[in-house]
Every structure is written in C-alpha cells, then in structure tokens.
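Encoded as structure tokens, the structure appears first; notes follow it.
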Amino acid sequence: QVQLVESGGGLVQAGGSLRLSCAASGRTFSSYAMGWFRQAPGKEREFVASISRSGERTYYADSVKGRFTISRDNAKNTVYLQMNSLKPEDTAVYYCAASGRTYYYYSRAQEYEYWGQGTQVTVSS
C-alpha cells in the first residue's frame, strides 16, 4: 500500500512559479511510475505529467509542455512538479498518483492505483 501527500500549493500571480511535492510512504517507491493530474471546478480531472520508475522518461500534456517539469527523487520517496509561467487556467486542485503497472505514457487516471488528497493551486491575473 502507498500513501501520497501533496504539498506546495498556494496562491500565485500569473507568470509566477510554484513547486509541488508529493511524498510517498512505503519501501518500494521506485517500483511505481508517478503522475500529476489536476481538476478545476466544473471540469473533469485531466492529465498533467508523468514520470517513469527510474525517472528517465517523462510525458506532458500539451497545455503544460515547456512550462512544467516533473521529476523524482527515489531516495527521498518524493515526486515534484515545477510549474513556471503560470496562467490563470492552471488554477485547479493538483493530485499526485502512483501506478504499479506498465503503460506507455501513464496519461490516464485509470492507470493509477493510489492517489493523494490534492493541493490547491490558484493563479491570479
């Protein structure tokens, strides 16, 4: 079993930056691919970014490509999402997720077994 706890959300002005962290429990963090999703009010949960078990492969939604960077530190059981050049449309609750299965991109919510509680990111104009 894996428990995930997000942190680092908050209020930021458009053009600013935030770094989200997701701390995972357990002894087998490196066995899980990790992903970030977000959900804005009235919208479905959408894929943001994913990273492979080793951290060698990453995949991003087109809406954040070039602005967001996902990374992981397996020694710290932590995955990060660096968000730069933030836009008001980035406002959402951001969720960390873990997948113990094998997929190509880990871009679908159903590919993940464990989820954090979410952290609010609000970007003001």
Side-chain angles (χ1 to χ4, degrees):
Q1 300 297 312
V2 176
Q3 290 186 338
L4 306 173
V5 180
E6 301 97 333
S7 62
L11 176 65
V12 65
Q13 291 185 337
S17 298
L18 283 175
R19 190 192 194 197
L20 305 183
S21 297
C22 174
S25 66
R27 300 171 59 203
T28 58
F29 176 71
S30 62
S31 297
Y32 295 89
M34 302 295 294
W36 287 97
F37 290 76
R38 67 187 183 186
Q39 187 167 24
K43 299 181 66 176
E44 293 186 350
R45 188 169 299 187
E46 66 173 343
F47 169 77
V48 176
S50 64
I51 189 167
S52 63
R53 297 173 180 87
S54 65
E56 294 179 348
R57 294 182 291 106
T58 58
Y59 183 66
Y60 298 92
D62 288 342
S63 59
V64 306
K65 194 173 300 181
R67 299 188 298 119
F68 291 10
T69 302
I70 187 171
S71 62
R72 68 189 297 162
D73 187 338
N74 287 346
K76 296 181 178 180
N77 280 18
T78 303
V79 63
Y80 305 95
L81 185 68
Q82 178 67 46
M83 305 185 295
N84 298 327
S85 301
L86 283 162
K87 306 174 181 179
E89 51 262 45
D90 294 319
T91 295
V93 176
Y94 283 71
Y95 297 90
C96 175
S99 175
R101 304 172 183 142
T102 301
Y103 301 97
Y104 288 111
Y105 301 111
Y106 296 96
S107 61
R108 298 181 297 173
Q110 59 263 42
E111 296 170 351
Y112 294 83
E113 301 93 68
Y114 305 100
W115 294 82
Q117 81 289 342
T119 184
Q120 177 70 47
V121 172
T122 302
V123 184
S124 64
S125 60

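Note on residues 30-81: no pairs pass disulfide (SG to SG under 2.5 Å), not counting sequence neighbours. Sorted by first then second residue, the disulfide (SG to SG under 2.5 Å) pairs that include residues 62-93, not counting sequence neighbours, number zero. Every pair passing side chain to side chain donor-acceptor pair (under 3.5 Å) that includes a residue from residues 5-17 is listed here, sequence neighbours excluded: Glu6-Gln117, Ser17-Asn84.
In plain terms, the two heavy atoms of Tyr80 and Lys76 that are nearest each other are OH-CD, 4.1 Å. Ser125 and Pro88 make their closest contact through CB-CG, 4.0 Å (heavy atoms, listed as atom of the first residue, atom of the second, distance).
By the 4.0 Å N-to-carboxylate-O rule, Asp62 lies close enough to Lys65 to be salt-bridged with it.
The hydrophobic cluster of Leu11 has no other members, since no ILVMFWY side-chain heavy atom comes under 4.5 Å of it. Alongside Val79, the hydrophobic cluster contains Val2, Leu4, Val12, Leu18, Leu20, Phe29, Tyr32, Met34, Trp36, Val48, Ile51, Tyr60, Val64, Phe68, Ile70, Leu81, Met83, Leu86, Tyr94, Tyr114, Val121, Val123 (criterion: ILVMFWY side chains under 4.5 Å).
Note that CD of Gln82 and OG of Ser21 are 9.5 Å apart. Values are rounded to the nearest 0.5 Å. A distance of 13.0 Å separates CZ in Arg45 from CZ in Arg38, rounded to the nearest 0.5 Å. Distance check, rounded to the nearest 0.5 Å: CZ of Arg67 to OG1 of Thr69 gives 11.0 Å. Separating the OG atom in Ser30 from the CZ atom in Arg72 is a distance of 7.0 Å, to the nearest 0.5 Å. With values rounded to the nearest 0.5 angstrom, Ser63 atom OG is found 7.5 Å from Asp90 atom CG. With rounding to the nearest 0.5 Å, the separation of OG1 in Thr28 from CD in Gln1 is 10.0 Å.
Crowding of Glu56 atom CD: a count of heavy atoms from other residues, nucleotides or ligands under 6.0 Å not exceeding 12. Summarising the local packing, CD of Gln120 is surrounded by more than 12 heavy atoms from other residues, nucleotides or ligands at distances under 6.0 Å. Other residues, nucleotides and ligands contribute only 12 or fewer heavy atoms inside 6.0 Å of the CD atom of Glu44.
Looking at Tyr106, Tyr104, Phe47 one by one, the single match for ring-ring contact (aromatic ring centres under 6.0 Å, His included) with Tyr59 turns out to be Phe47.
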Show me the donor-acceptor pairs, under 3.5 Å and distance only, between side chains in residues 96-103 and residues at least two apart or in other chains.
| from | atom 1 | to | atom 2 | distance (Å) |
| --- | --- | --- | --- | --- |
| Ser99 | OG | Arg101 | N | 3.4 |
| Ser99 | OG | Glu111 | O | 2.6 |

